[in-house]
*Asks:* 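Provided herewith is a single structure, encoded as C-alpha cells, for subsequent inquiry.
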Amino acid sequence: MFKFKHEALETNTGLLLVATMMAISVGGLVEIAPLFLIEDTMEKVEGVRPYTPLEQMGRDIYIREGCYTCHSQMVRPFRDEQLRYGHYSLAAESKYDHPFQWGSKRTGPDLARLGGKYSNEWHVQHLIAPRSVVPESVMPNYPWLMENRLNYADIGQRMRALRAVGVPYSINQEEYERNVKDFGPEMAAQFHIPNARESLVAQVRAGNYDGDPSYVSEMDALVAYLQVLGTMVDFSQIKPEELVKFR
Ligand code: HEC
C-alpha cells in the first residue's frame with residue numbers, strides 16, 4: 001500500500017511539488033516560529049546590561065585574538081560544571097552578545113563566570129606570560145596587548161552597529177532617558193554613543209586595569225572585559241545545594 005502511494009507521488013510532478021512544499025514549510029516553521037517568540041522565551045533577569053565602551057573594545061580584542069578557540073563561555077546545567085564554575089549560564093546573560101562567545105572547545109577552562117576570580121594584576125601577568133603563573137599552561141603569550149595602544153577612534157561606530165541589532169545604546173536624549181530608567185544614570189551615561197570615547201577613557205582612569213595609568217592599552221580593555229564576565233547577575237542568594245539539585 002505504502003509503496004504504491006510513494007510511486008504515485010514520485011511519478012506525478014504536480015503532486016510531488018505540493019508534497020515537497022509541504023515538507024519544506026513544516027521544516028521552515030519549526031526553525032522560524034520560535035524566533036518570533038524569543039522575547040517570551042528568554043526569562044527576564046535582573047542585572048543584565050550591555051557592555052560599556054571599554055568592555056566592548058575588550059570583547060572585540062578577545063574575538064580578534066581568537067580566545068574562543070580554546071575557551072567557552074557557557075556553564076552547562078550539569079552537576080560537575082556547576083561545582084567547578086558556578087551557576088549555569090542563563091540565556092539572558094548573553095542577550096547583548098553579538099556574536100555570542102559560547103564556544104565549543106575547552107582547551108582552557110570555561111570563562112563565563114571568570115569576573116572577580118583573579119586580580120587585574122594576575123590577568124596582566126597571565127596574559128603576557130601564562131607560564132609565569134601557571135607553569136603547565138599551554139596558553140600562548142600575548143605580550144603585545146600591553147604594548148599596543150588601544151585604538152578606540154571607532155568605538156562610536158562599533159556601538160552604532162550593535163545598536164542596529166538591538167543593543168540599547170543611545171544616540172538621542174529620549175533613548176538616553178530610557179536607559180537611565182532601565183540601567184541607572186551611571187550606566188546610561190556609558191551607553192550614550194556621543195560620549196563613548198570620554199566614557200571609555202574615564203573607565204580606564206578609574207579602573208587602571210593594566211597597572212600603567214600613562215596610556216590606554218589593549219590590555220586595559222581586555223582585562224575590563226574579563227572582569228565583568230558572569231558578574232552582572234547576582235547569584236549570591238542561591239546556595240550551592242540548590243545549584244546541584246538541578247540535575
Ligand atoms: C591554545 C589555547 C588557548 C588560547 C588561544 C587561549 N587560552 Fe586562555 N587558557 C588556556 C589554558 C590551557 C588555560 C589553563 C592554564 C592557565 O591558566 O594558563 C587557560 C587559562 C586562561 C585563564 C584563566 C582561567 C581560570 O579560570 O583559571 C584566562 C582568564 C584565560 N585563559 C584567558 C584567555 C584569553 C583572554 C585569551 C585570548 C587573548 C586566551 N585565554 C587564549 C588555553 C588558551
Side-chain angles (χ1 to χ4, degrees), residues 49-74 93-134 137-165 167 169 190-191 193 195-232:
R49 61 158 175 83
Y51 297 103
T52 65
L54 183 65
E55 291 157 7
Q56 182 55 45
M57 284 303 307
R59 188 169 195 278
D60 288 350
I61 292 169
Y62 181 94
I63 295 169
R64 181 192 76 190
E65 298 294 353
C67 310
Y68 59 85
T69 56
C70 286
H71 291 286
S72 59
Q73 283 189 26
M74 184 171 57
E93 285 183 280
S94 36
K95 76 190 225 192
Y96 299 126
D97 284 10
H98 299 280
F100 61 78
Q101 295 300 312
W102 298 336
S104 55
K105 181 85 170 70
R106 282 183 184 162
T107 302
D110 187 272
L111 300 182
R113 300 260 169 262
L114 180 72
K117 181 175 176 188
Y118 301 106
S119 64
N120 294 343
E121 291 79 10
W122 188 93
H123 279 298
V124 172
Q125 184 61 37
H126 181 252
L127 285 163
I128 294 173
R131 272 153 299 284
S132 66
V133 279
V134 186
S137 182
V138 294
M139 181 164 139
N141 300 342
Y142 295 92
W144 55 86
L145 295 172
M146 194 67 196
E147 290 152 22
N148 288 2
R149 280 171 189 274
L150 181 70
N151 178 4
Y152 54 93
D154 60 357
I155 181 60
Q157 278 109 306
R158 285 169 195 254
M159 289 166 81
R160 274 169 194 272
L162 288 163
R163 181 178 169 277
V165 292
V167 180
Y169 290 131
Q190 291 271 8
F191 304 155
I193 297 176
N195 302 338
R197 289 195 223 176
E198 291 78 17
S199 307
L200 185 148
V201 174
Q203 192 182 348
V204 172
R205 291 235 173 85
N208 190 21
Y209 299 93
D210 70 356
D212 183 345
S214 64
Y215 66 107
V216 180
S217 68
E218 292 187 342
M219 187 68 90
D220 278 315
L222 185 58
V223 173
Y225 170 64
L226 294 177
Q227 291 291 31
V228 81
L229 289 178
T231 63
M232 291 183 190

*Asks:* Would you say the side chain of Met139 lies within less than 4.5 Å of the side chain of Cys70, judging by non-hydrogen atoms?
*Replies:* no
*Asks:* Is a donor from one side chain sitting under 3.5 angstrom from an acceptor on the other, for Asp60 and Gln56?
*Replies:* yes
*Asks:* Can you tell me how far the CD atom of Glu93 sits from the CE atom of Met74, to the nearest 0.5 Å?
*Replies:* 11.5 Å
*Asks:* Looking only at side chains, do Trp102 and Ser72 share a donor and an acceptor under 3.5 Å apart?
*Replies:* no
*Asks:* Looking only at atom types and distance, does a side-chain atom of Glu147 sit under 3.5 Å from a main-chain N or O of Leu145, one as donor and one as acceptor?
*Replies:*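 Checking the backbone N and O of Leu145 against the side chain of Glu147, no donor-acceptor pair under 3.5 Å is found.
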*Asks:* To check you understand the geometry: which heavy-atom pair defines the closest contact between Leu54 and Ala224, and what is its length?
*Replies:*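 For Leu54 versus Ala224, the nearest heavy atoms are CD2-CB, 3.7 Å.
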*Asks:* For side-chain hydrogen bond (donor to acceptor under 3.5 Å, both in side chains), just list the numbers for Gln73 and Tyr68, CA-CA rounded to whole Å, side-chain angles, deciding distance to a tenth of an Å, and then say yes or no.
*Replies:* CA-CA 8 Å; Gln73 283 189 26; Tyr68 59 85; over 6 Å; no
*Asks:* I'd like to know whether the aromatic ring centres of Tyr51 and Tyr225 sit less than 6.0 Å apart in this structure.
*Replies:* yes
*Asks:* Please round to the nearest 0.5 Å and tell me the distance separating atom OG of Ser137 and atom CZ of Arg131.
*Replies:*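 One finds 5.5 Å between OG of Ser137 and CZ of Arg131.
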*Asks:* Looking at Trp144 and Glu65, what are the two nearest heavy atoms and their distance?
*Replies:* NE1-OE2, 2.7 Å
*Asks:* Compare every heavy atom of Ala153 with every heavy atom of Arg197, then report the nearest pair and how far apart it is.
*Replies:*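 Nearest heavy atoms, Arg197 then Ala153: NH2-O, 3.4 Å.
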*Asks:* Taking it one step at a time, do Met232 and Arg49 satisfy side-chain contact (heavy atoms from CB on, under 4.5 Å)?
*Replies:* CA-CA 7 Å; Met232 291 183 190; Arg49 61 158 175 83; 3.7 Å; yes
*Asks:* Between Gln227 and Thr231, is there a side-chain heavy-atom distance shorter than 4.5 Å?
*Replies:* no
*Asks:* Just by distance, do the side chain of Arg160 and the backbone of Ile155 share a donor-acceptor pair under 3.5 Å?
*Replies:*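 A pair under 3.5 Å: no.
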*Asks:* Just how far is it from atom NE2 of His71 to atom CG of Leu229, taken to the nearest 0.5 Å?
*Replies:*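 One gets 11.0 Å once the value is rounded to the nearest 0.5 Å.
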*Asks:* Work out which heavy atom in Asn151 is nearest to a heavy atom in Met57; give both atom names and the distance.
*Replies:*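 Closest approach of Asn151 to Met57, heavy atoms only: O-CE, 3.5 Å.
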*Asks:* List for me each residue that meets salt bridge (charged side-chain N to carboxylate O under 4.0 Å, His left out) alongside Arg149, sequence neighbours excluded, and say none if there are none.
*Replies:* none
*Asks:* Looking at Arg59 and His98, what are the two nearest heavy atoms and their distance?
*Replies:* NH1-O, 3.6 Å
*Asks:* Heavy-atom distance under 4.5 Å between the side chains of Met146 and Asp212, does that happen here?
*Replies:* yes
*Asks:* Drop me the distance from Tyr96's OH to Tyr169's OH, to the nearest 0.5 angstrom.
*Replies:*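 The OH atom of Tyr96 sits 10.0 Å away from the OH atom of Tyr169.
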*Asks:* Could you pull out the closest heavy-atom pair between Leu111 and Tyr62, with the gap in Å?
*Replies:* CD1-OH, 3.7 Å
*Asks:* Side-chain atoms of residues 121-128: list all donor-acceptor pairs with protein atoms under 3.5 Å, sequence neighbours left out, distances to 0.1 Å.
*Replies:*
| residue | atom | partner | partner atom | Å |
| --- | --- | --- | --- | --- |
| Glu121 | OE1 | Ser119 | OG | 3.4 |
| Gln125 | NE2 | Ser132 | OG | 2.7 |

*Asks:* Test side-chain contact (heavy atoms from CB on, under 4.5 Å) on Arg158 and Arg163; report intermediate values, then the result.
*Replies:* CA-CA 9 Å; Arg158 285 169 195 254; Arg163 181 178 169 277; over 6 Å; no
*Asks:* As a quick check of understanding, evaluate side-chain contact (heavy atoms from CB on, under 4.5 Å) for Val223 and Asp210, giving each step before the final call.
*Replies:* CA-CA 7 Å; Val223 173; Asp210 70 356; over 6 Å; no
*Asks:* Tell me, please, which residues at least two apart from Arg106 pass salt bridge (charged side-chain N to carboxylate O under 4.0 Å, His left out).
*Replies:* Glu81, Asp110
*Asks:* Quick one: does any side-chain atom of Asp220 pair with a main-chain N or O of Ser217 as donor and acceptor, under 3.5 Å?
*Replies:*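 Side chain of Asp220 to backbone of Ser217, a donor-acceptor pair under 3.5 Å: yes, one is there.
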*Asks:* List the steps, then state whether side-chain contact (heavy atoms from CB on, under 4.5 Å) holds for Leu150 with Leu200.
*Replies:* CA-CA 11 Å; Leu150 181 70; Leu200 185 148; 4.1 Å; yes
